[in-house]
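Naming: A, B, ... by sequence-line order, numbering from 1 per chain. Only a predicted model underlies this, so the values are computations on that prediction, with no experimental measurement involved.
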Number of protein chains: 2
Amino acid sequence: MVEGMSPVKVTDELCTVSLPAALLGERWTLLLLRQAFLGTRRFEDFQSAMDISRSVLTERLAKFVEEGILSRVAYKDVRTRYEYRLTEKGLDLYPVLMALRKWGDRWMTPEEGPSFDLHHRDCGGQVDVKVECAACGDELTARDVRVTPLR
Amino acid sequence: MVEGMSPVKVTDELCTVSLPAALLGERWTLLLLRQAFLGTRRFEDFQSAMDISRSVLTERLAKFVEEGILSRVAYKDVRTRYEYRLTEKGLDLYPVLMALRKWGDRWMTPEEGPSFDLHHRDCGGQVDVKVECAACGDELTARDVRVTPLR
DNA sequence: CAGCTAGGGTTCGGATTCCGAACCTAGGGG
DNA sequence: CCCCTAGGTTCGGAATCCGAACCCTAGCTG
């Protein structure tokens, strides 16, 4: 991808990059997701943490539920309440957030450094994201990858 | 992150996830990026490939240039033209796109399969994205990671 | 050298979407 | 009974987005 490449023509609607990109590349969805990964589960908590309007929050949560990224489950507190929990499909978006973070760490760090630390629960090591070749294991950049249209 | 976690309170504006998330989580930006990685460089080509309105495309390209993700360079065709090229900062977003694609392949594949193939230029192997521990090398999921607020 | 063309934009009115604030509702507490 | 709380819904105004039309510059055409 990229170097010395004539623009590849691809059927947009069927592309597995653009489908998720269209879903996540919408105001609030990535931030909502981040918040969910930070452990937020209740409507009010999302609202106060993100400073989003209630009506839009309702919409975004509903779409995530519809997409199967969050599930809305009732539970008993002092009375029946609802919480939004990441499904397996939702949890599987973790690498996307980690890739964003890695980029943010390198290119958008505020002077004081990142505001939280992520580390391996078992050994305490830092979290890292890598693009690599499934066959030879080499780490890859955009320049090492070739695109072949299939249809 | 996630399992058995009480919601972590984090200074939003300084978070290295939410900063890029706010930038990329805006209509068209992720799709524009994908298009750039597919080799598109010229205004007209972006416009026809993405079906975005010209005024919004102008805005998005300008913001990417301002952010240093694309650079606008003049070149001579039959006469002076401009093209938008990914900078190093832009190229470094590759893992984000690859993470999206991996997720899309698993959870949003159209019946006919993905519309293009990505493979290592040298050995032909498939491209993969992994979240791993920088210390012990284990592959990590959201459940293996602990969050610690720093400020 | 008048006119045409192509790339890369800008401008504009109407349609969407977003926002903040107010309102609704069901169950529990005083 | 009346109020409180979590989780929404409704509403009018403000900000964005859209498509279509227009503009500007350089080179080619005759």
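- Between the side chain of W107(B) and the backbone N or O of P20(A) there is no donor-acceptor pair closer than 3.5 Å.
- Across dC18(C), dG9(C), dG7(C), the shortest atom-to-atom separation from the side chain of T58(B) is found for dG9(C).
- Between the CG atom of L57(B) and the P atom of dG7(C) there is a distance of 15 Å, given to the nearest Å.
- Per the geometry, CG belonging to D45(B) stands 15 Å off P belonging to dA6(C), to the nearest Å.
- Using modelled atom types, no side-chain atom of S18(B) and backbone atom of A21(B) make a donor-acceptor pair closer than 3.5 Å.
- Between the side chain of T29(A) and the main chain of L24(A), a donor-acceptor pair closer than 3.5 Å is present.
- Distance, Q47(B) CD to dT10(C) C1': 14 Å, rounded to whole Å.
- Contacts of Y84(A) with the nucleic acid, taken as non-hydrogen atoms under 4.0 Å apart, involve only primed sugar atoms and P, OP1 or OP2.
- Annotation: of the two residues near DNA chain C, S53(A) and T80(A), the 5′-most nearest-nucleotide partner is S53(A).
- Applying a 4.0 Å cut-off to non-hydrogen atoms, the residues of residues 61-75 of chain A that approach DNA chain D are R72(A), listed by residue number.
- Across all strands shown, E59(B) has heavy atoms under 4.0 Å from sugar-phosphate atoms exclusively, and none from any base.
- Counting non-hydrogen atoms under 4.0 angstrom, S55(B) reaches a base of the nucleic acid.
- In this structure, T40(B) contributes its side chain and A36(B) its backbone to no donor-acceptor pair below 3.5 Å.
- Residues D128(B) and V131(A) fail the side-chain proximity criterion, which asks for heavy atoms closer than 4.5 Å.
- Taking for each of V56(A) and R81(B) the nucleotide of DNA chain C with the nearest heavy atom, the 5'-most of the two is the partner of R81(B).
- Here the C1' atom of nucleotide dG9(C) and the CD atom of E83(B) are 17 Å apart, to the nearest Å.
- Donor-acceptor pairing under 3.5 Å, judged by distance alone, is present between the side chain of R54(B) and the base of dG9(C).
- Atom NZ of residue K89(A) and atom OG of residue S71(A) lie 12.5 Å apart, to the nearest 0.5 angstrom.
- Within the 3.5 Å criterion, the main-chain N or O of D117(B) finds no donor-acceptor partner in the side chain of R146(A).
- Of the possible polar contacts, none joining the T16(A) side chain to the T109(B) backbone as a donor-acceptor pair under 3.5 Å is found.
- The CZ-C1' distance, from R27(A) to dT16(C), rounds to 13 Å in whole Å.
- Between chain B and DNA chain D, the heavy-atom contact criterion of under 4.0 Å yields a 5' to 3' nucleotide range of dC17(D) to dC28(D).
- In this structure, CD1 of I52(B) is placed 14 Å from C1' of dG9(C), rounded to the nearest angstrom.
- In this model, no donor atom of one side chain and acceptor atom of the other lie less than 3.5 Å apart for Q35(A) and D45(A).
- Atom CZ in R60(B) sits about 16 Å away from atom P in dG9(C), given to the nearest Å.
- Using modelled atom types and a 3.5 Å distance limit, the side chains of Y75(B) and R42(B) yield a donor-acceptor pair.
- For K76(A) and dA26(C), the NZ to P distance is 16 Å, given to the nearest whole Å.
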